[in-house]
Amino acid sequence: RILIRGVGNVEYRFRSLFFATFLPEWIINILGTVNKFMSGISLHSAHAIIDRFGLMKSVVHLELYSRVAIVIAVISRSLFGATVISMLTSFAIGTREMAAEEIQQNGYRKEQRATMGSLVGMGANIVYGIFGIGIGILADSVGVFTTMLIIQPFYLIAIYFFYRGIILTQGKTT
């Protein structure tokens, strides 16, 4: 959760810079609105999605599929691709956050949850700070497009940790 929050925050902020390389500013603002709207829908419907498909499929599969689609959308450098990026990343956030809360609820005693929440927040901010500086330096040296592609595998690392957390808290491998 620390990694995906930190990396996700950097990617979210970096995305506007990427969009600015091929879209007018007014469209970028509309995409930001679409992103916020889809995030609200995602957060509202996350519980129903997890109940229907289970924690593993809801989080791990959604993230894997969305990362593949986002790489294709980044390569396309089009309005359609930018819309896909905005919608998929925001749609995934609700199930990811709900799953992270469920893992935390199942993995820690009541007395530990607040402490773990604080540690996750602090860790995510540290990752955001370090990763943000690194991504900025990388973008300056290899370009915005390449950097946007390089960010995506970091999500896969975070998804692996989600997968492990789900297995540990549910005690099964499906």
Exercise: identify the closest heavy-atom pair between Gly81 and Ser78: N-OG, 3.0 Å
With respect to Phe19, which candidate in Leu79, Ile27, Ile85 satisfies the side-chain contact (heavy atoms from CB on, under 4.5 Å) definition? Ile85
side-chain contact (heavy atoms from CB on, under 4.5 Å) partner of Ile4, chosen from Glu11, Glu97, Arg96: Arg96
Please check if atom NE2 in His61 has more than 12 non-hydrogen atoms from other residues, nucleotides or ligands closer than 6.0 Å. yes
So Thr89 and Arg67, do their side chains get closer than 4.5 Å, heavy atoms only? yes
Got a second to check how far Ile28's CD1 is from Thr33's OG1, nearest 0.5 Å? 12.0 Å
Rounded to the nearest 0.5 Å, how far apart are CE of Met148 and CZ of Phe18? 6.0 Å
When rounded to the nearest 0.5 angstrom, what distance separates CE in Met87 from OG in Ser39? 11.0 Å
Out of curiosity, does Ile159 fall in the hydrophobic cluster containing Ile151 (side-chain heavy atoms, cut-off under 4.5 Å, transitive links)? yes
Stepwise side-chain contact (heavy atoms from CB on, under 4.5 Å) check, Leu23 with Leu31: CA-CA 10 Å; Leu23 293 174; Leu31 288 172; 3.8 Å; yes
Hey, what else clusters with Ile137 if you join Ile, Leu, Val, Met, Phe, Trp, Tyr whenever side-chain heavy atoms sit under 4.5 Å? Ile133
Using atom types as modelled and distance alone, determine if a side-chain donor or acceptor of Ser66 lies under 3.5 Å from a backbone N or O of Glu63. yes
Any chain of hydrophobic side-chain contacts (each under 4.5 Å) joining Phe53 to Val68? no
Using every non-hydrogen atom in the two residues, find where Ala124 and Ile2 come nearest and quote the distance to one decimal. N-CG2, 3.5 Å
Does a side-chain N-to-carboxylate-O contact under 4.0 Å join Arg113 and Glu101? no
Is any side-chain heavy atom of Phe131 closer than 4.5 Å to one of Leu3? no
Set out, in order, the CA-CA distance, both residues' side-chain angles and the distance that settles side-chain contact (heavy atoms from CB on, under 4.5 Å) for Asn35 and Tyr12, then state yes or no. CA-CA 10 Å; Asn35 184 276; Tyr12 175 74; 3.5 Å; yes
Residues Met38 and Ser90: closest non-hydrogen pair is CB-OG, 2.9 Å
Treat each ILVMFWY residue as a node, draw an edge where side-chain heavy atoms are under 4.5 Å apart, and state whether Val84 and Ile93 are in one component. no
Can you find a pair of side-chain heavy atoms, one from Thr147 and one from Phe14, that are under 4.5 Å apart? yes
Which heavy atom of Ser86 sits nearest a heavy atom of Arg15, and at what distance? CA-NH1, 4.2 Å
Any side-chain heavy atom of Leu64 sitting closer than 4.5 Å to one from Leu156? yes
Would a hydrophobic clustering, with Ile, Leu, Val, Met, Phe, Trp and Tyr connected at side-chain separations under 4.5 Å, put Ile70 with Ile75? yes
Can you tell me if Met98 has over 12 outside heavy atoms packed within less than 6.0 Å of its CE? yes
Given side-chain contact (heavy atoms from CB on, under 4.5 Å), test Leu62 with Phe91 step by step and report yes or no. CA-CA 9 Å; Leu62 178 62; Phe91 187 71; 4.2 Å; yes
Nearest-0.5 Å distance that lies between atom CG in Leu55 and atom CD1 in Ile49: 12.5 Å
Taking a hydrophobic cluster as the set of Ile, Leu, Val, Met, Phe, Trp and Tyr residues connected by side-chain heavy atoms closer than 4.5 Å, whether directly or through intermediates, do Phe145 and Leu17 fall within one such cluster? yes
